[in-house]
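See structure below.
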Amino acid sequence: MKMKYFILILVVFSIRKIEASDPRLPTAIRPDYYELKIITHLENATNLTFHGDVLIRFKVWEDTTNVTLHVRDLVVNEASIQVTNFADDEDFCLFAENVETLPELDFYNINFDGILVKGRRYELYLEFTGNLNRASRGYFYNSYVDVKTNQTRWISFTDFEPIYARSVFPCLDEPNYKAKFKIWLGHHHSLRALSNMPLHSQFPLDNSDGYVWSVFDESLPMSTYLVAFSINDFAYRESKSGGSNVVFRTWCREEYVTECSYALNIASKILGYFEKLFGVPFPLPKIDIVAVPKYGSSAMENWGLITLKESILRLETDSLYEWSKNVIISVMSHELVHQWFGNLVTMKWWNDVWIKEGFATYFHSLAMDYIMPGRDMYLENSIFNAKTVFQYDAEINGHPLSNYVRTSDEIVKLFDSITYQKASSAIRMLHLYMGSEAFFGGLQTYLARHQFGNAQADDLWDSLASAALKYKIIKHKHELKIIMDSWTLQAGYPVVTVKRIEYAGAVEISQQRFSRSSGNLSSPGASSCWWVPITYTTANELNFNDTTPKAWMPCNDDSDRGESLVLYNVITENQWVIFNIQVMAIYRVNYDVYNWKLIANFLKNDNFEQIPLINRIQLLSDVIYCARSGHIGYAIALNVMEYQRRERETMPWLISLHAIRPDLNLVAQLSQHHVPTMAYMHYLLQPIYSYLISQNETEISSTKDLQLKDLKTLVIQYACFFGLQDCVHTALSYFQQWKTNNNNPIPDDWILPVYCTTMRYGDENEWNYLWDFFNNTAPHDILILKSLACTQSRKVLTKFLDIAFNKKLQLPMVFAQIAFESVASNPAGTSLALKYLIENASEIQKDFSVPHLLSNVASFAFAPDDLSNLCNFMDAHPELFEKHSKRKRQILDEVNQKRLWAQRNLEEITTFMTNRLLSLDKERIRNDKEEINYYNYS
């Protein structure tokens with residue numbers, strides 16, 4: 001009876017087929033050890049290859065006759081495949097009966113001629129070969145020219161995240177299959193080998209002249225995406241971490257080894273900081289930091305072998321010195337956080353990759369404050385992250401933080417601003433809500449519980465909730481998960497609307513999902529709700545330090561969605577209230593007209609800095625985007641913005657100018673609104689422009705100097721764009737000096753304004769001169785290419801487009817796309833770019849995506865005729881959009897939104913600007929108009 005049962009099971013297993021319905025690996029086996037041997041050939045530049053073998057030790061969790069691995073772009077020697085017993089005296093050996101592949105899932109299914117029994121451990125052996133690639137992923141080759149010999153040197157590196165280990169060796173390439181690795185690297189004796197662990201031994205490779213084996217210590221359990229190795233001829237510098245005795249080495253090509261050494265002491269300090277913060281010592285004996293010359297990524301956090309783009313690791317010694325230090329500290333901090341969040345504790349599946357990337361993004365800014373105290377890098381990074389979230393997560397078709405992905409393409413696409421910046425902002429919200437003691441106590445528990453293993457979001461919430469209970473932050477353990485699920489399991493973020501109830505001293509607050517779509521409440525996700533932490537202060541309190549929620553806006557079930565919450569004893573007469581202290585949570589705030597007016601009036605007085613920088617930025621961002629989306633009128637936004645005549649910090653200007661410029665461009669496209677728009681921007685920009693121009697040029701020695709330089713560059717660009725007379729004159733003068741003598745450099749902060757302004761106000765001779773300079777002297781200078789599109793001459797713009805798309809001139813395709821988009825972004829060129837595309841679509845489509853180019857025009861088009869022509873063209877050529885239906889819908893939606901925007905806002909904006917200008921000195925207004933008319937060439 002037992003024998004019959006065995007035969008039946010064997011038959012069932014033998015006919016099992018792999019299917020594409022489930023992209024995850026079968027769960028019949030779990031690996032715990034790999035012995036990986038790879039020989040790399042770098043001597044022949046035309047044949048850069050590798051070959052090797054792998055032994056995978058695994059335990060069987062259910063009886064099976066097959067094993068499924070991941071394999072991509074490898075040739076596996078099927079005759080080499082065999083399975084043997086491990087830790088069992090019984091002789092046992094199975095060979096591959098047949099192999100099935102499923103290329104769309106990278107599955108390599110090996111069917112054996114016998115059963116692998118549940119509970120037993122086996123060893124699987126395979127041999128394979130592959131080619132090194134140049135795509136900076138998987139196992140890739142790289143090169144540089146040796147300055148001493150002038151010879152090209154070939155080197156190799158790995159980058160396996162998220163799904164590229166399978167392209168180098170057969171493996172179970174999912175993050176939950178952690179295992180120990182014993183790595184052998186075969187290479188020419190003139191080169192070095194590096195891997196995750198320290199070198200254990202080195203000896204000649206049998207029957208291979210000049211080759212050696214470099215054998216490394218066995219690793220700790222880690223996921224396949226963290227396996228790393230490199231064959232190179234680099235030099236290194238070394239230091240030790242004082243606390244944990246970890247050896248640090250920075251590896252760089254020899255001529256740059258000194259410049260690459262700055263990261264040594266920095267990395268040691270950062271590592272010690274994180275060891276104290278996380279309460280878990282770094283478990284490896286060494287960290288190698290390698291500078292990759294031509295790296296498509298910025299960095300990769302491989303355990304014990306961090307790779308960085310060479311340009312990031314090298315410390316600049318010129319005017320970029322301070323900026324270069326900031327970048328090195330930032331990137332090193334990010335990758336070192338991963339040694340705990342990602343490497344020590346790894347997500348079970350890629351849907352929770354936001355946990356590791358969010359913590360790395362958040363904690364690297366804390367480390368920057370630790371290394372560079374007093375420079376407010378934490379604040380600056382928090383502002384940048386929030387700005388990015390508010391911009392990209394306002395799209396209706398966005399994705400949640402925890403987004404279950406199935407295919408390889410879906411996994412790769414997860415690495416975006418949501419996964420990094422939104423995750424960081426959500427973690428910051430949690431930190432400010434819980435307080436440092438509870439927050440770090442919970443994280444230390446999480447890391448200790450799950451070290452060397454895998455975890456998911458619920459494991460994180462469980463550890464943090466235990467700490468929150470201990471410190472009496474929550475009443476029930478499930479509260480924290482309920483709150484955080486509302487932020488991680490759905491896309492988007494809310495706008496909280498605040499309405500004053502004066503007679504009761506109260507405010508009524510409500511929430512809805514924020515959308516750029518002009519307040520379209522019928523769009524998908526409009527009924528979403530969040531558990532919103534409510535923090536606020538008033539003009540009487542001026543307490544912008546307390547981020548403890550004073551209330552929560554609930555989101556229990558459908559019955560609560562859309563309901564308002566009334567808070568009493570909040571306001572007094574004529575005193576503003578401001579919500580979301582320190583932008584503690586991921587939501588915009590919109591107020592009633594009267595409260596916005598009170599805020600604007602306060603900002604315009606001498607004490608405006610009593611509202612701290614981050615909340616001034618919040619107010620500007622909220623008021624502009626609430627106006628754009630139709631929640632309020634533009635008169636309110638422009639009234640709030642006027643306080644900036646007093647503002648001298650960089651970030652408020654950066655936020656407001658980038659936010660408002662598209663709207664002002666749209667208004668200015670209609671000629672009858674051009675003069676009031678320009679004059680109003682003169683009024684807004686003149687004080688900050690005069691202030692910055694009066695500042696003496698000093699050597700950059702601090703982040704504050706960098707910020708001032710950034711602000712100056714930004715303001716000069718906008719001042720010249722809007723035709724401020726002194727800016728235009730200065731730019732034209734610099735160009736003439738440079739034209740007379742190219743060795744007379746234009747100041748860094750004036751380069752783009754000089755080129756663009758001269759094109760805008762100069763003639764065709766100036767344009768020809770800059771084009772010749774680009775073509776003959778600076779063919780890769782994108783700033784010049786973009787500036788050439790600033791001309792106001794339709795004749796010259798048409799010539800520029802002809803040049804860009806002329807195949808005989810062999811301008812790189814990416815340059816043609818940049819040229820086209822630059823012309824389209826020029827208010828004087830938007831209609832022209834559209835007309836050119838429509839008339840030449842049949843020829844252009846042979847080499848370019850017409851829908852992509854059309855979407856570029858749609859981003860800048862505003863005039864009614866342009867919008868009609870754009871829609872008519874799409875209707876007349878449906879064949880161009882057969883494979884681009886989503887982009888077509890996006891273009892049509894943008895066109896409709898602009899029409900609605902114009903109907904709702906155009907008259908209000910121009911009326912506000914005109915009335916505001918009329919209230920100022922009439923003589924100054926007359927001079928402004930004369931100035932604008934003087935420079936308004938067409």
Side-chain angles (χ1 to χ4, degrees), residues 242-243 262-278 312 315-337 359-387 421 424-425 427-428 431-432 435-437 439-440 542-547 581-584 607-618 646-655 688 691-692 695-714 749:
Y262 174 73
L264 276 178
N265 292 331
I266 293 300
S268 174
K269 292 177 182 177
I270 295 169
L271 188 79
Y273 172 71
F274 287 145
E275 285 184 316
K276 292 179 181 177
L277 206 62
F278 302 149
I312 290 176
L315 181 65
E316 301 287 349
T317 56
D318 55 12
S319 61
L320 295 175
Y321 174 75
E322 193 67 25
W323 176 85
S324 181
K325 283 202 309 183
N326 287 357
V327 172
I328 292 172
I329 295 170
S330 173
V331 176
M332 282 307 310
S333 300
H334 187 101
E335 305 312 320
L336 287 173
V337 174
F359 276 109
T361 304
Y362 182 63
F363 283 131
H364 93 243
S365 57
L366 288 177
M368 291 184 76
D369 261 10
Y370 171 75
I371 298 296
M372 302 183 295
R375 297 191 182 180
D376 290 333
M377 298 308 297
Y378 172 75
L379 175 65
E380 186 172 320
N381 282 316
S382 298
I383 292 169
F384 171 78
N385 292 334
K387 170 183 175 289
Q421 279 76 37
S424 175
S425 297
I427 290 165
R428 178 176 179 267
H431 184 185
L432 295 177
S436 289
E437 282 189 282
F439 179 67
F440 285 110
L542 286 172
N543 181 2
F544 286 92
N545 296 317
D546 186 4
T547 58
I581 302 305
Q582 296 183 32
V583 195
M584 176 255 191
N607 299 320
F608 74 95
E609 289 179 316
Q610 288 180 339
I611 298 176
L613 177 62
I614 190 169
N615 278 104
R616 299 203 302 274
I617 292 168
Q618 172 214 15
R646 298 172 177 269
E647 183 65 80
R648 299 296 177 263
E649 294 286 348
T650 302
M651 291 301 289
W653 281 103
L654 181 69
I655 296 293
I688 184 64
Y691 166 76
L692 292 170
Q695 300 297 301
N696 293 327
E697 293 289 340
T698 58
E699 181 180 352
I700 295 175
S701 60
S702 69
T703 301
K704 192 71 175 176
D705 293 337
L706 276 172
Q707 292 175 344
L708 188 66
K709 187 175 182 64
D710 288 344
L711 177 58
K712 185 175 181 181
T713 302
L714 177 73
D749 43 20

Mind checking what makes side chain to side chain donor-acceptor pair (under 3.5 Å) contact with S330, not counting sequence neighbours?
H364
Are a donor atom and an acceptor atom from the side chains of N385 and S424 found within less than 3.5 Å of each other?
yes
Considering all heavy atoms, the nearest N543-N545 contact:
OD1-N, 3.1 Å
Between L366 and Y273, is there a side-chain heavy-atom distance shorter than 4.5 Å?
yes
What's the spacing between W323 CH2 and D710 CG if we round to 0.5 Å?
11.0 Å
S365 side-chain N/O to N381 backbone N/O, donor-acceptor pair under 3.5 Å
no
Would you give the length of the straight line joining atom CG of L379 to atom CG of L613, rounded to the nearest 0.5 angstrom?
5.5 Å
Could you give the distance from CG (L432) to CD1 (I427), rounded to the nearest 0.5 Å?
12.0 Å
Could you go through the side chain to side chain contact (heavy atoms under 4.5 Å, CB included) check for Y262 and I329 one step at a time?
CA-CA 10 Å; Y262 174 73; I329 295 170; 3.7 Å; yes
Given the rule in the side chain to side chain contact (heavy atoms under 4.5 Å, CB included) test, do I383 and V583 qualify, once you have shown the distances and angles that lead to the verdict?
CA-CA 8 Å; I383 292 169; V583 195; over 6 Å; no
Under 4.5 Å between any side-chain heavy atoms of I371 and I270, yes or no?
yes
Where do F544 and Q610 land on the side chain to side chain contact (heavy atoms under 4.5 Å, CB included) test, with the steps shown first?
CA-CA 9 Å; F544 286 92; Q610 288 180 339; over 6 Å; no
Do other residues, nucleotides or ligands put more than 12 heavy atoms under 6.0 Å from the NZ atom of K325?
yes
Among all residues two or more places apart in sequence or in another chain, which pass the salt bridge (Lys or Arg N to Asp or Glu O under 4.0 Å) test with R616?
E647
If you define the side chain from C-beta out and look only at heavy atoms, does anything of E609 sit under 4.5 Å from R648?
no
Value rounded to 0.5 Å, distance of CD1 in I655 from CD in E649:
13.0 Å
How long is the straight-line distance from CG of L714 back to CG of D749, given to the nearest 0.5 Å?
11.5 Å
With the side chain counted from C-beta on, respond yes when L692 and L708 share a heavy-atom pair under 4.5 Å apart, and no when they do not.
yes
With rounding to the nearest 0.5 angstrom, report the CE to CG distance, M651 to D376.
12.0 Å
Considering only heavy atoms from C-beta outward, does the side chain of H334 approach that of V331 to under 4.5 Å?
no
For a side chain to side chain contact (heavy atoms under 4.5 Å, CB included) check, start with the C-alpha distance between K387 and I617, then their side-chain angles and the critical distance, and finish with the verdict.
CA-CA 9 Å; K387 170 183 175 289; I617 292 168; over 6 Å; no
Please give me the minimum heavy-atom distance between S425 and A386, naming the atom from each residue.
OG-N, 3.9 Å
Which residue in the set F440, F359, F363 passes ring pair (Phe, Tyr, Trp, His ring centres under 6.0 Å) when paired with F278?
F363
